Peer 1: 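Just passing along the structure, written as structure tokens.
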Amino acid sequence: MQFKKLTSEKPFDVADYVHDYYALYPYEKLNLYLGCDSQNRLRTTYATTLVFNVSKTGCHVIYRKEVMPLIADMWTRLWGETERSVETALYLREKGIEIDTIDLDYNVNPKFKSNTLVTAAVGYVESLGFKARIKPDLLPAVYAADHIVG
């Protein structure tokens with residue numbers, strides 16, 4: 001699964017990169033946050049991000065961006081965010097890497113349209129053994145994805 005750094009267009013395998021990153025910080029607490037965001041303009045763009053948080057020194061972000069034909073149905077487009085996050089988490093798990101959380105860009109508050117996906121998405125993510133977080137929690141992977149997709 002190919003990702004990129006914010007500072008380079010050269011793609012790399014995400015699992016190899018994570019293993020190398022762990023080797024750089026063997027004595028540090030390293031948290032991995034995974035998330036995805038999407039945006040509709042003339043086409044639908046998804047950005048999946050993996051955020052590395054090293055102790056209290058800050059974050060490092062890698063990403064995967066996909067552009068496809070417009071997905072007009074909101075539920076379908078937003079569910080695609082969950083699918084991409086889970087796909088990446090499962091790929092990493094196959095390579096011996098466990099992430100700390102999957103950050104979902106859905107809101108617990110029913111006044112937001114994304115609330116209609118909360119139960120299904122959180123249930124799906126947690127049924128696979130991953131921890132899910134939703135708004136209003138702080139979601140670093142979703143915020144990074146929002147910046148990239150924008």
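Given the structure is predicted, the values throughout are model-derived calculations rather than measurements.
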Peer 1: With a 4.5 Å heavy-atom cut-off, do Glu87 and Met1 have their side chains touching?
Peer 2: yes
Peer 1: Hydrophobic clustering (ILVMFWY, side-chain heavy atoms < 4.5 Å, transitive) - are Val67 and Val149 grouped together?
Peer 2: no
Peer 1: Which residue pairs pass the side chain to side chain donor-acceptor pair (under 3.5 Å) test with at least one member in residues 127-136, sequence neighbours excluded?
Peer 2: Thr101-Arg133, Asp103-Arg133, Asp105-Lys135
Peer 1: Using a 4.5 Å cut-off on heavy atoms from C-beta on, say whether the side chain of Leu117 contacts that of Asn115.
Peer 2: no
Peer 1: How would you list, by chain and number, every residue that makes a side-chain hydrogen bond (donor to acceptor under 3.5 Å, both in side chains) with Asp20, sequence neighbours excluded?
Peer 2: none
Peer 1: side-chain contact (heavy atoms from CB on, under 4.5 Å), that's the test. Do Glu98 and Leu92 meet it? Break it down for me.
Peer 2: CA-CA 7 Å; Glu98 287 294 329; Leu92 291 170; over 6 Å; no
Peer 1: My understanding is that only residues two or more places apart in sequence, or in another chain, count here; which of them pass salt bridge (Lys or Arg N to Asp or Glu O under 4.0 Å) with Arg64?
Peer 2: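 Here no residue qualifies.
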Peer 1: What are the two closest heavy atoms between Val125 and Ala132, and how far apart are they?
Peer 2: CG1-CB, 3.7 Å
Peer 1: Testing the 3.5 Å rule here: is there a donor-acceptor pair between the side chains of Thr116 and Tyr106?
Peer 2: no
Peer 1: For Glu126, enumerate each residue passing the side-chain hydrogen bond (donor to acceptor under 3.5 Å, both in side chains) test, keeping only those at least two apart in sequence or located in another chain.
Peer 2: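 Counting only residues at least two positions away or on another chain, Glu126 forms no side-chain hydrogen bond (donor to acceptor under 3.5 Å, both in side chains).
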Peer 1: If we ignore hydrogens and angles and just use 3.5 Å, is the side chain of Arg93 paired with the main-chain N or O of Ala89 as donor and acceptor?
Peer 2: no
Peer 1: How close do Ser85 and Gly35 get, counting heavy atoms only, and between which atoms?
Peer 2: OG-C, 3.6 Å
Peer 1: Restricting to side-chain contact (heavy atoms from CB on, under 4.5 Å), what partner residues turn up for Asp100, sequence neighbours left out?
Peer 2: Lys29, Asn31, Leu32, Tyr33
Peer 1: Determine whether Tyr25 and Val14 fall in the same hydrophobic cluster, where Ile, Leu, Val, Met, Phe, Trp and Tyr are linked whenever their side-chain heavy atoms lie under 4.5 Å apart.
Peer 2: yes
Peer 1: Each residue besides Tyr46 in its hydrophobic cluster should be listed here, by chain and number; the cluster joins Ile, Leu, Val, Met, Phe, Trp and Tyr at side-chain heavy-atom distances under 4.5 Å.
Peer 2: Met68, Ile71
Peer 1: Checking Ala145 now: which residues fulfil side-chain contact (heavy atoms from CB on, under 4.5 Å) with it, not counting sequence neighbours?
Peer 2: Asp37, Ala47, Thr49
Peer 1: Taking side-chain hydrogen bond (donor to acceptor under 3.5 Å, both in side chains) as the definition, give me every residue that meets it alongside Thr7, ordered by chain and number, with sequence neighbours left out.
Peer 2: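 For Thr7, no residue satisfies side-chain hydrogen bond (donor to acceptor under 3.5 Å, both in side chains) once neighbours in sequence are set aside.
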Peer 1: I want to check something: taking the side chain as every heavy atom from C-beta on, are Thr48 and Phe3 in contact at a cut-off of under 4.5 Å?
Peer 2: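 SC-SC contact between Thr48 and Phe3 confirmed.
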Peer 1: On a heavy-atom basis, which atom in Asn40 and which in Arg77 lie closest, and how many Å separate them?
Peer 2: OD1-CD, 3.2 Å
Peer 1: State whether the number of non-hydrogen atoms from other residues, nucleotides or ligands found under 6.0 Å of His19 atom NE2 is greater than 12.
Peer 2: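 Enclosed.
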Peer 1: Please report the C-alpha distance between Met74 and Leu78 in whole Å, then the side-chain angles of each, then the deciding distance to 0.1 Å, and finally whether the side-chain contact (heavy atoms from CB on, under 4.5 Å) criterion is met.
Peer 2: CA-CA 6 Å; Met74 183 207 65; Leu78 293 179; 3.8 Å; yes
Peer 1: Are Leu24 and Ile99 joined in one hydrophobic group, where the rule is that I, L, V, M, F, W and Y side chains link up if heavy atoms are under 4.5 Å apart?
Peer 2: yes
Peer 1: With clusters defined by side-chain heavy atoms of hydrophobic residues (ILVMFWY) lying less than 4.5 Å apart, directly or transitively, does Val51 cluster with Val18?
Peer 2: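 No, separate clusters.
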Peer 1: Suppose the criterion is ring pair (Phe, Tyr, Trp, His ring centres under 6.0 Å): which pairs have a residue in residues 57-88, not counting sequence neighbours?
Peer 2: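 Listed by first then second residue: Tyr17-His60, Tyr21-His60, Phe52-His60, Trp75-Trp79, Trp79-Tyr124.
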Peer 1: Find the distance between CD1 (Ile62) and CG (Leu50) and round it off to the nearest 0.5 Å.
Peer 2: 4.5 Å
Peer 1: Once ring pair (Phe, Tyr, Trp, His ring centres under 6.0 Å) is applied, do any residues pair with Phe130, and if so which ones, sequence neighbours excluded?
Peer 2: none
Peer 1: Taking the side chain as C-beta and beyond, is there a heavy-atom pair between Arg84 and Glu66 under 4.5 Å?
Peer 2: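 Heavy-atom side-chain distance check passes, below 4.5 Å.
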Peer 1: For Ser38 and Glu81, does a side-chain donor sit closer than 3.5 Å to a side-chain acceptor?
Peer 2: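 Side-chain D/A pair, Ser38 to Glu81: present.
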Peer 1: Treat each ILVMFWY residue as a node, draw an edge where side-chain heavy atoms are under 4.5 Å apart, and state whether Leu128 and Leu104 are in one component.
Peer 2: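 Yes; tracing contacts between hydrophobic side chains, which count when under 4.5 Å, links both residues.
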Peer 1: Arg43: which residues meet the side-chain hydrogen bond (donor to acceptor under 3.5 Å, both in side chains) condition with it, sequence neighbours left out?
Peer 2: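 Scan of Arg43 (side-chain hydrogen bond (donor to acceptor under 3.5 Å, both in side chains), adjacent residues dropped) gives none.
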Peer 1: Ignoring hydrogens and angles, write down the donor-acceptor pairs under 3.5 Å from the side chains of residues 107-114, residues two or more places apart or on other chains.
Peer 2:
residue, atom, partner, partner atom, Å
Asn107, OD1, Asn109, N, 2.8
Asn109, OD1, Lys111, N, 3.0
Ser114, OG, Asn107, N, 3.0

